[in-house]
Amino acid sequence: MTPGGDLVLVAEHDPAVAELQRRYLARAGLAVAVEDDPARAAAAVRRVRPDAVVLDVSAAPLPADLYRRVAAAAAGAPVIVLTGPVDPAAARALGPHRVRRPFGPRVLVAAVEEALRGERPQRARRPLRAGPVAFDPRGRTATVGDRRVALTGTESDLLEFLMGNPGRVFTREQLLDAAWGPAAGAGSRTVDVHVAQLRAKLGAGSPIRTVRGVGYVLDA
């Protein structure tokens with residue numbers, strides 16, 4: 001049994017398979033949330049903040065793209081990818097934790113437990129920090145020096161994503177995908193408004209910088 005009652009998000013297109021996964025993972029002492037459309041997995045990750053994700057990419061038109069979006073949203077939580085037949089070169093783009101369909105449920109449980117054991121030391125190094133700004137992903141709290149900053153859920157998502165990728169310039173479209181999800185229907189102006197609100201709350205210590213004509217970057 002995995003210690004701590006970790007929460008696993010199962011993103012699986014087949015309801016019968018999802019239920020089988022849920023039962024066996026629950027028997028192993030894990031809490032389980034289910035998303036029945038893997039295309040919505042990144043949004044579900046941002047909503048429930050799981051400790052691990054089981055992601056079915058077997059029916060996805062672009063499996064590597066789906067994996068990258070979910071892994072970015074997971075912010076360090078391991079993603080166990082369920083694949084169909086895939087060549088070794090393509091498999092490498094799907095991360096280090098993979099299970100090929102069809103699989104026995106005990107094989108999946110073992111893969112999830114191994115991924116959780118391997119990721120736990122890495123994730124324990126948080127909170128994230130950039131200058132005077134610190135962000136605790138587990139508590140979803142931000143501070144600037146000794147001052148605690150009250151953030152909305154979307155502002156927290158934006159700050160966590162940028163702090164997890166310091167020095168990298170992101171377009172508004174990439175930030176929309178990261179904080180709202182690809183199907184949210186929000187426009188690029190929404191990003192500008194939320195970044196402005198986030199900067200105002202962080203004050204003079206804000207590490208978020210505009211890159212003219214491109215988007216935004218967080219300076220470490």
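Starting from 1, each residue takes its place in the sequence as its number. In this text the structure is predicted, and so the values were computed from the model without any measurement.
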- Item | Reported OG1-to-CG distance for the pair Thr152 and Leu198, which is rounded to 0.5 angstrom | 8.5 Å
- Query: Considering all heavy atoms of both residues, which atom of Asp51 and which atom of Ala77 are nearest to each other, and what is their separation?
  - Reply: O-CB, 3.4 Å
- Query: Hey, quick one: are Leu175 and Val211 part of the same hydrophobic cluster, counting side-chain heavy atoms closer than 4.5 Å, chains of contacts allowed?
  - Reply: no
- Item | Working for side-chain contact (heavy atoms from CB on, under 4.5 Å), residues Thr210 and Arg199 | CA-CA 11 Å; Thr210 301; Arg199 281 171 161 168; 2.8 Å; yes
- Item | Side chain to side chain, Leu108 and Tyr24, heavy atoms closer than 4.5 Å | no
- Task: Please report the shortest heavy-atom distance between Leu7 and Val48, naming the atom on each side.
- Result: CD2-O, 3.6 Å
- Query: Any side-chain heavy atom of Arg47 sitting closer than 4.5 Å to one from Leu9?
  - Reply: no
- Query: Which is it for Val109 and Arg106 under the side-chain contact (heavy atoms from CB on, under 4.5 Å) test, yes or no, and what are the steps along the way?
  - Reply: CA-CA 5 Å; Val109 171; Arg106 290 183 179 85; 5.5 Å; no
- Message: Any carboxylate oxygen within less than 4.0 angstrom of a Lys/Arg side-chain nitrogen, looking at Glu114 and Arg117?
- Response: no
- Got a second to check how far Leu162's CG is from Arg209's CZ, nearest 0.5 Å? 12.0 Å
- Decide whether Val193 and Tyr216 are clustered together by the hydrophobic rule: side chain heavy atoms of Ile, Leu, Val, Met, Phe, Trp, Tyr closer than 4.5 Å, transitively. no
- Note on the structure: Interatomic distance, NE2@His194 vs CG@Leu158, rounded to 0.5 Å, equals 7.0 Å
- Query: For the residue pair Val133 and Gly205, what are the closest heavy atoms and their distance?
  - Reply: CG2-O, 3.5 Å
- Item | Val169-Met163 co-clustered via ILVMFWY side chain contacts under 4.5 Å | no
- Which heavy atom of Pro96 sits nearest a heavy atom of Tyr67, and at what distance? CD-OH, 4.0 Å
- Which heavy atom in Leu128 sits nearest to a heavy atom in Gly164, and how many Å separate them? CD1-N, 4.0 Å
- Task: Return each pair, listed once, that meets salt bridge (charged side-chain N to carboxylate O under 4.0 Å, His left out) where at least one residue sits in residues 8-17; pairs must be two or more places apart or across chains.
- Result: Glu12-Arg101
- Item | Stepwise side-chain contact (heavy atoms from CB on, under 4.5 Å) test for Arg22 and Val10 | CA-CA 8 Å; Arg22 187 197 65 75; Val10 170; 5.8 Å; no
- Item | Close side-chain approach of Ser58 to His13, heavy-atom, < 4.5 Å | yes
- Message: For the CG atom of Leu66 and the CG atom of Leu55, what is their distance to the nearest 0.5 Å?
- Response: 4.5 Å
- Gln21 versus Val17: any side-chain heavy-atom pair under 4.5 Å? yes
- Between the CD atom in Glu155 and the NZ atom in Lys201, the distance rounded to the nearest 0.5 Å is 3.5 Å
- Supply the atom-to-atom distance His97 NE2 to Leu82 CG, rounded to the nearest 0.5 angstrom. 13.0 Å
- Establish whether Val217 and Leu202 are linked, either directly or via other cluster members, by ILVMFWY side-chain heavy-atom contacts under 4.5 Å. no
- Item | From CA spacing to verdict: side-chain contact (heavy atoms from CB on, under 4.5 Å), Leu159, Val149 | CA-CA 12 Å; Leu159 183 60; Val149 181; over 6 Å; no
- Query: Given side chains that start at C-beta, do those of Leu218 and Asn165 come closer than 4.5 Å, heavy atoms only?
  - Reply: no
- Can you see which heavy atom on Ala134 is nearest to which on Arg129, and at what distance? CB-NH2, 3.6 Å
